Amino acid sequence: MLRTHTCGDLRPKDIGQEVTLCGWVQSVRDHGGVIFINLRDRYGESQVVCDPQKDPESHKVAEKVRKEWVLQAHGVVDARPAESINPNMATGEVEVTCDRLVILSTAKTPALEIDDSKVANEDVRMKYRYLDLRRPSMQRNLAIRHNAAQAVREYLSSLGFLEVQTPLLVRSTPEGARDFVVPSRLFPGKFYALPQSPQLYKQLLMVSGVDRYFQLAPCFRDEDQRADRQPVHTQIDLEMSFVDESDVFCVVEGVVKAAFKAGADIDVSLPFPRMTYQEAIDRFGLDKPDTRFGMELIDYTDLSANCGFSVFARAVENGGQVKGLNIKGGSSLPRREIDELGEFVKVYRAKGLAWMRVTDSGLESSITKFFTDGELEAIRQRSKAEPGDLLVFVADSPRIVAASLGWLRNHLARKLDLIPSGVFNLVWITDFPLFDWNEETRQWEPMHHMFTMPKEEDMPFLHSDPGRVRGRLYDLVLNGVELGSGSIRINRCDIQQEVMKVVGMDAADAERRFGFLLRAFEYGAPPHGGFAIGFDRLLTQIAGIENMRDMIPFPYNSAGVSLVDDSPSEIDSSQWRELHIRPDSVQRK
RNA sequence: GGAGGCGUGGUGUAGUGGUCUAACAUGCCUGCCUGUCACGCAGGAGAUCGCGGGUUCGACUCCCGUCGCUUCCGCCA
């Protein structure tokens, strides 16, 4: 080793020792005589002192040194004079009096400052990710990631889970997300796909008798990005045989607890509360409710059915709902900001946002004239409205009402600072519908995937009323973020065929897409179920940061470009030929 | 595919029609300084204000287009 200690090691107990440190120059303070160099590595920072009277040679070297040069410093650990102790530094009680300073590498002026208090723009950070990652907070994020991953592996291993790798070149499945696709050289016109998840493979492993499987699995989806979505993400993927929901919950709860503990020394309490999908939608508008604050949705549909306000009445007449929020103390919001809330809900296709201010003399708004006193009183009571509050309403289809108010609720909570810090509300959302009606294709689609077991008691409605069928399907939600989802799978061919019928898939389709799995199920498939935790999202929560990309060593930008290596990139014409493919338009260089 | 926000020295920002011949911080260079630690002090270099077009006597500033980054809707089982 070129060093005896790291830059974070030295303490008063080391005083008198001869040491050699290696690291990057964080700062140089040249006092004309003595020069102080702060040397930084992953472990911390140490002060190296170059005194011309003690060692003119190293002082001469130190005069040349610049930020981010890589140095090797040899010397003796000394106690700092009492008045020079730096309490803000872990190594602040000591310093290395340098008697040999070696320049291991010089450096250009860094393209961004290595300083947590001066963070550059995202594109600059991505292009120079290796510099960005030198920042202590990013080093911490890498460590959190490692520690959490390690704890997850350890915990699951202790429960008898086997980590099994599944292939990264797999069969393309057209339903669900768009596949990333890899052309085959040996089979002209054929393609592999990168897996969206190891779903089918982990079910095969259950048929194989693996019984308890897990994997920190890379998953690929060629869809448009979001702040919390990457083209490649990592799942803590797991699957178990001979289980029901409670068995899966128990394991996942332990995994999450272990990750929080190892990643940030946070204790989450078990078990996580459960809430049905319907309750989440009714009370919070979203299937990923943030339960850290109140302001739940209030249902005025029954009061609105026959009211004089035609916007409300007509919505109800058309099978819609009228729901709203009571924004405590919100009547002080200026008109302009209320109008902004109206703009906010329009993004979710609400046509508008009605509102009433609550004053000492009752409800006040331009629409109160359409309501009778009795109706206004009923609204006031149902809202538990007090003077100073602001009531807002959306009248529309249940789907639009729920989404617009649900997101408005989250938006307001941030805006009005209603969210307590340091709270981690983990909640299971259960009993999701098995199918989702796709208005465009006018077909039922699986809400989760094709292999989710319907709830026993809803089985009779499989064909008569698919929308009513709930699946043995569950999500884990943390502070309004969907951490992952899972289900108990179908292990019987007859049920599988019924489900495929509902979503309009015939036997030939099924055979072509995942015949290999159906065939496997003919050879003795154990009842099984599992879960997949979005590891990057979990880490973002554990680290308490905003940007998921900060938890990913080399992330992609919002256009799916990797700025470090500037991929995707063009390939040589020889590669095109070798892969038996060609660009769809030659002009498109 | 659609909508919003942003784009000004290496980096982060200010400047919203005219002394802007572009400011501040930090970084960079030179000099001074023996106890600093966001060292200090003095001096200096560094920006055709993303790009193209338009409006105007005059554009960093307004308009249109375009590119890039970002957030959201669609999409993402």
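Each chain gets a letter, A, B and so on, in the order its sequence line appears, and its residues count up from 1. Source: prediction; values computed, not measured.
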Next on the checklist: For Leu416(A), give me all partners under side chain to side chain contact (heavy atoms under 4.5 Å, CB included), at least two apart in sequence or on another chain.
Outcome noted: Ile327(A), Leu412(A), Leu418(A)
Next on the checklist: Please give the distance between the C1' atoms of C60(B) and A23(B) as a whole number of Å.
Outcome noted: 12 Å
Checklist outcome for this item: Winner on side-chain proximity to Ala120(A), out of U36(B), U11(B), U26(B), is U11(B)
Next on the checklist: Quiz question: by atom type and distance under 3.5 Å, do the side chains of Asn86(A) and Gln47(A) form a donor-acceptor pair?
Outcome noted: no
Checklist entry - Counting side-chain heavy atoms from CB outward, which of C39(B), C69(B), G35(B) is closest to Asn557(A)? => result C69(B)
Item to check | Out of C73(B), G12(B), G35(B), whichever nucleotide has its closest atom nearest the side chain of Arg80(A) | outcome: G35(B)
Checklist entry - At under 4.0 Å between heavy atoms, what does Gly176(A) touch on the DNA or RNA strands: base, sugar-phosphate, or nothing? => result sugar-phosphate
Next on the checklist: Taking any heavy-atom pair under 4.0 Å as a contact, classify Ser558(A): base, sugar-phosphate, or nothing.
Outcome noted: base
Next on the checklist: Once side chain to side chain contact (heavy atoms under 4.5 Å, CB included) is applied, do any residues pair with Ala525(A), and if so which ones, sequence neighbours excluded?
Outcome noted: Val207(A), Asn491(A), Phe521(A)
Item to check | Cationic N near anionic O, under 4.0 Å, Arg226(A) to Glu482(A) | outcome: no
Checklist entry - Expressed as a whole number of Å, how far does the C1' atom of U66(B) sit from that of G7(B)? => result 13 Å
Checklist entry - What nucleic acid atoms does Pro446(A) come within less than 4.0 Å of, heavy atoms only: base, sugar-phosphate, or nothing? => result sugar-phosphate
Checklist entry - Counting just side-chain N and O atoms, does Asn121(A) come under 4.0 Å of either OP1 or OP2 of G7(B)? => result no
Item to check | P atoms of C63(B) and U30(B), separation to the nearest Å | outcome: 45 Å
Next on the checklist: Nearest to the Tyr348(A) side chain among G12(B), C33(B), C72(B), which nucleotide is it?
Outcome noted: C72(B)
Item to check | Nearest-Å distance for atom pair CZ/P, residues Phe36(A) and A38(B) | outcome: 13 Å
Item to check | For atom NZ of Lys108(A) and atom C1' of C29(B), their distance in whole Å | outcome: 17 Å
Checklist entry - Is Arg549(A) touching bases, backbone alone, or none of the nucleic acid, heavy atoms closer than 4.0 Å? => result sugar-phosphate
Checklist entry - Of all of residues 86-100 of chain A, which get a heavy atom below 4.0 angstrom from RNA chain B, listed by number? => result Asn86(A), Met89(A), Glu95(A)
Next on the checklist: If we count only N and O atoms by modelled type, under 3.5 Å, do the side chains of Thr430(A) and Glu245(A) hold a donor and an acceptor together?
Outcome noted: no
Item to check | Flag for Ser397(A)-Arg399(A): side-chain donor and acceptor within less than 3.5 Å | outcome: no
Checklist entry - Taking CD from Glu122(A) and C1' from U11(B), how many angstroms apart are they, rounded to a whole number? => result 15 Å
Checklist outcome for this item: So, with a heavy-atom separation below 4.0 Å from RNA chain B, the residues of residues 221-232 of chain A are Arg221(A), Glu223(A), Asp224(A), Arg226(A), Ala227(A), Arg229(A)
Checklist entry - Does His449(A) have any ring pair (Phe, Tyr, Trp, His ring centres under 6.0 Å) partners at least two apart in sequence or in another chain, and if so, which? => result Phe451(A)
Checklist entry - Can you find a donor-acceptor N/O pair under 3.5 angstrom joining the side chain of Glu83(A) to the base of G35(B)? => result no
Checklist entry - Would you call Arg178(A)-Glu223(A) a salt bridge at under 4.0 Å N-O? => result yes
Next on the checklist: Using a heavy-atom cut-off of 4.0 Å across all strands, would you classify Ser117(A) as base, sugar-phosphate, or nothing?
Outcome noted: nothing
Checklist entry - Any idea how Tyr348(A) and Trp407(A) line up, ring-wise: parallel (<30°), tilted (30 to 60°), or perpendicular (>60°)? => result parallel
Next on the checklist: Nearest to the side chain of Arg29(A), heavy atoms from C-beta on, is which of U36(B), C69(B), C33(B)?
Outcome noted: U36(B)
Checklist entry - Got a sec, which residues hit side chain to side chain contact (heavy atoms under 4.5 Å, CB included) with Gln139(A), two or more places apart in sequence or on another chain? => result Arg42(A)
Checklist entry - With both distances under 3.5 Å as the test, what is the Watson-Crick or G-U wobble partner of G40(B)? => result C32(B)
